[in-house]
Each structure stands twice: as C-alpha cells, then as structure tokens.
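None of the values given here were measured: they were computed from a predicted structure. Throughout, protein chains are lettered first and strands after them, A, B, ... in sequence-line order, and every chain is numbered starting at 1.
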Number of protein chains: 2
Amino acid sequence: MALEHAILVSLLEKPGSGYELSRRFERSIGYFWTATHQQIYRVLKRMEQDGWIDVRDVPQQGRPDKKEYSVAAPGRAALSRWLHEPVEPESVRHDLAVKIRGAVFDDPAALIQEVERHRREHADRLAHYLAGERRDFTGPAAGAPLDAGRELQHVVLRGGIAYERMTIAWLDDVLATLHRLRPAP
Amino acid sequence: MALEHAILVSLLEKPGSGYELSRRFERSIGYFWTATHQQIYRVLKRMEQDGWIDVRDVPQQGRPDKKEYSVAAPGRAALSRWLHEPVEPESVRHDLAVKIRGAVFDDPAALIQEVERHRREHADRLAHYLAGERRDFTGPAAGAPLDAGRELQHVVLRGGIAYERMTIAWLDDVLATLHRLRPAP
DNA sequence: CTTGTCTATGCAACGAGTTGCATAGCAGGA
DNA sequence: TCCTGCTATGCAACTCGTTGCATAGACAAG
C-alpha cells in the first residue's frame with residue numbers, strides 16, 4: 001500500500017487539508033497515483049490515529065473551516081522505512097488492450113472512435129504536462145542548478161511526458177492497424 | 001470491471017481451465033492485465049452461474065483432471081456490449097514515482113539500487129517481448145498478410161515493447177539525475 | 001429568496017484484489 | 001520412503017477502492 005506514503009510525501013512538500021490533498025491527487029501527485037476524497041479522508045483518519053500526522057483546526061473566512069494536516073516524526077520514520085524497502089514494478093491494467101484483442105470477435109472498425117477518443121485524452125494530458133514543465137522548470141533560473149526536490153519533481157514529470165508521447169505514438173499505430181484491417185474483413 | 005472481459009477474450013482465443021488461464025495471465029494477457037488464480041476461479045464460477053461460459057470435465061492422464069471452460073452465447077453477447085461501451089483511459093499507479101519524489105526527505109542516493117533493480121526487470125520484460133515477437137510474428141510468412149486476430153495481437157505486443165523501451169529510457173534519466181544530485185547534498 | 005457552485009468533511013454498502021491456508025493426484029529424485 | 005515440485009481447485013478473512021448519499025457554510029446569479 002502506497003497511498004499512505006504518497007500522502008506523506010505530499011504533506012511533507014506542503015501541509016494541507018483532506019480537501020486540498022484530493023485536489024493535488026487530481027494534478028501533480030495524481031499523474032502517477034490516483035485517489036478519491038473518500039480514500040483520502042479514511043486514510044488520513046487512520047494515519048492520525050497511528051500518530052503519523054498532526055491535525056490543526058484552521059478557521060477560515062468566506063469558506064468552511066478546515067483541518068490542516070502535517071507530518072509528525074513517526075510518519076517521517078514510516079516513510080523512511082518504506083523508502084528503504086523494495087517495491088515491485090507496477091502491474092499494468094489496460095482496458096483498451098483487452099478491447100483491441102477482443103475486437104476480432106466483434107467488429108474491429110467499431111473500435112476506431114474509441115481509440116481516437118483515448119488519443120485525444122492523452123494528447124490533452126501531454127499538453128497539460130508540457131505547460132506545467134514550462135511554468136515550473138524553465139524561466140530565469142533555467143540552467144542554474146535547481147534544488148534536489150525540484151530536480152526530482154522534474155524527472156517524475158519527464159516520466160509522465162515520455163509516457164504520454166509513447167502512448168500517443170502507439171495509439172497511432174493501433175489506428176493504422178485498424179484502418180488496414182477495414183478494407184478486407 | 002474488465003477481468004470478466006479479459007477472460008472472455010482469452011477463452012475465445014482458446015478454451016481452457018482456470019489453471020491454464022492463470023498461466024496465461026502470467027504471460028500474454030498478463031502483459032496488460034494481471035490476475036491471481038484466486039480471482040480467476042472466483043470469477044469463472046460467477047460467469048458460469050450467469051451462463052456466460054460452459055464447463056466440460058476433462059479427465060487427464062499423469063495429472064489431475066480439469067474443468068475446461070468455453071464461451072457460451074450470452075458471454076459472447078456480453079463481450080460485444082462491453083466492446084461498444086466507452087472505457088476510461090487507465091489511471092496510473094507508480095510506487096517508484098512516489099519514492100522518487102519522497103527521496104528528497106531521506107537519502108536520494110539510497111534509491112539508486114532500487115531504480116537499477118527496476119531497470120533490470122524492465123529490460124528482462126523487453127527481451128521477453130522481443131523474443132515473443134520474433135517467435136510469433138516473423139518467419140516464413142513475414143510480409144504476407146496476417147489474419148486480423150494476429151494483427152491485433154501484434155499491435156498490442158508492440159505497445160508492450162514501446163512501453164518497456166520508454167520506461168528503460170526514463171529510468172536511465174532517473175539514474176542520471178540521482179547521480180547528479182549525489183556530489184552536492 | 002431560491003438555485004447553483006465551490007469549499008469542506010464524512011458514513012454506509014458494496015465490489016475488487018490480496019494473502020494465507022488447505023486439499024489432492026502424480027512424478028522424480030535422495 | 002519421504003520430500004519436493006508441478007498440476008489443479010478452492011475457502012476464509014482481510015484490505016483496498018468505488019459509488020451513492022448526506023451535511024453544511026459561503027458566495028454569486030437570477
């Protein structure tokens with residue numbers, strides 16, 4: 001289980017509420033780890049009970065009050081332990097690949113629109129990542145040595161960019177294959 | 001849920017037992033969808049109760065008897081329905097990316113061995129995919145038009161190959177970044 | 001003043017996935 | 001003969017993840 005650890009990393013980068021965390025899981029952290037607000041609130045409660053994180057009630061104006069969480073010493077120790085443990089390389093789950101292999105038992109051409117939809121989605125994500133890279137990792141300080149944290153955030157973002165580029169190229173390959181199959185059923 | 005549909009595709013490609021399916025989920029199908037034998041037996045039972053698949057007891061010599069499953073008409077219809085429904089683009093879960101972003105709160109250099117281990121694992125997978133491609137998609141018939149099923153299997157395999165190549169290149173990028181951070185803590 | 005939207009937190013029920021354990025036939029080697 | 005390993009199937013308990021629902025304060029638009 002790494003959701004706890006993803007939350008620890010995010011809270012170490014910047015303390016925040018469950019709501020704020022769930023926003024982050026729609027952006028930056030969410031590029032490589034997804035979670036709904038339900039999961040987050042439940043895990044935050046458990047982490048608080050285990051003493052991994054501290055809570056602080058923060059009254060706000062113009063919006064409901066919030067609980068701001070920050071990492072306590074035991075949480076930091078838990079993260080450290082996990083960082084020194086090996087993790088298994090990810091296991092993949094691609095609905096679309098199942099569909100592509102299943103298409104031969106139905107109508108391959110019917111998949112074309114679906115694949116095009118996925119291609120658009122991945123192109124959007126790529127544009128989004130590239131905009132983030134321009135915003136956060138170029139500019140006046142470009143070329144100058146970044147601090148370690150930013151270097152590591154950047155290399156993760158480069159991974160997301162590489163993933164989207166690869167996926168788009170593959171979906172083009174899939175589309176070409178589906179079109180090639182169409183004339184001769 | 002697509003495990004049922006992945007099983008339907010696999011059984012349409014070739015009928016087999018739960019045990020055989022669990023082997024396939026360690027190879028071909030497993031390249032883009034993982035499942036343990038527990039999940040498979042449980043889902044097979046449900047699919048049989050729903051009339052999606054038929055069972056046949058097959059006595060064997062030199063090994064225990066088995067139950068061979070094959071797809072029934074309602075199962076085929078269910079697959080067809082699913083193929084015409086949209087699915088969401090996959091959501092990613094990369095423990096390693098969490099670790100990389102968390103490394104700055106511990107010791108970045110300690111991650112180098114872990115990243116190298118992942119790199120070896122992905123290099124092995126790539127070699128395995130390439131061997132499968134040579135075995136199944138080249139040879140005397142190379143260049144000749146393949147049937148649609150094999151074309152689609154091939155394009156999915158090409159996706160796996162592209163994924164592993166991209167991942168290996170990214171892990172090299174990660175390693176270079178970690179080494180660059182080492183001299184100046 | 002009602003309706004919609006955004007912030008903010010949470011419960012309950014369910015379904016999916018993991019882990020540990022159990023059984024059993026058959027084969028080959030120490 | 002016993003032990004290991006492969007084929008083959010399955011239960012029980014647990015954790016993780018998803019979905020639907022509920023509440024509530026504040027603001028803006030109509």
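- When heavy atoms are screened at a 4.0 angstrom cut-off, B:Gln60 is found touching the sugar-phosphate backbone but no base atom.
- With rounding to whole Å, A:Asp57 atom CG is found 20 Å from C:dT7 atom P.
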Between protein and nucleotides 16-19 of chain C, what N or O pairs are separated by less than 3.5 Å?
| unit_1 | atom_1 | unit_2 | atom_2 | d |
| --- | --- | --- | --- | --- |
| C:dG17 | OP1 | A:Arg93 | NH1 | 2.7 |
| C:dG17 | OP2 | B:Gln39 | NE2 | 3.1 |
| C:dG17 | N7 | B:Arg42 | NH1 | 3.4 |
| C:dT18 | OP2 | B:Gln39 | OE1 | 3.1 |
| C:dT18 | O4 | B:Arg42 | NH2 | 2.7 |

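- Comparing B:Lys45 and B:Pro64, the nucleotide of DNA chain D nearest to each residue sits closer to the 5' end for B:Pro64.
- Side-chain N/O atoms of B:Asp106 and A:Ser80 include a donor and acceptor closer than 3.5 Å.
- Looking at A:Arg117 and A:Glu121, no side-chain N of the basic residue comes within less than 4.0 Å of a carboxylate O on the acidic one, giving no salt bridge.
- When DNA chain D is scanned 5' to 3' for any atom under 4.0 Å from a heavy atom of chain B, the first and last hits are D:dT7 to D:dG17.
- In this model, the phosphate group of C:dC26 is not approached by any side-chain N or O of B:Arg63 to a distance below 4.0 Å at OP1 or OP2.
- When the C1' atom of C:dC6 is taken as reference, atom NZ of A:Lys66 falls 15 Å away, rounded to whole Å.
- Ring planes of B:Tyr163 and A:Tyr163: perpendicular class, angle over 60° (limits at 30 and 60°).
- In this structure, A:Asp107 contributes its side chain and A:Ala109 its backbone to a donor-acceptor pair below 3.5 Å.
- Side chains of B:Val104 and A:Asp147 form no contact here, defined as non-hydrogen atoms less than 4.5 Å apart.
- Rounded to an integer number of Å, the gap from CD of A:Glu20 to P of C:dC6 is 17 Å.
- A:Val92 belongs to no hydrophobic cluster, as no Ile, Leu, Val, Met, Phe, Trp or Tyr side chain comes under 4.5 Å of its own.
- The aromatic rings of A:Tyr31 and A:His128 stand perpendicular to each other, their planes meeting at an angle above 60°, with 30° marking the opposite boundary.
- Remark: B:Glu20 engages B:Lys66 in a salt bridge, criterion side-chain N to carboxylate O under 4.0 Å.
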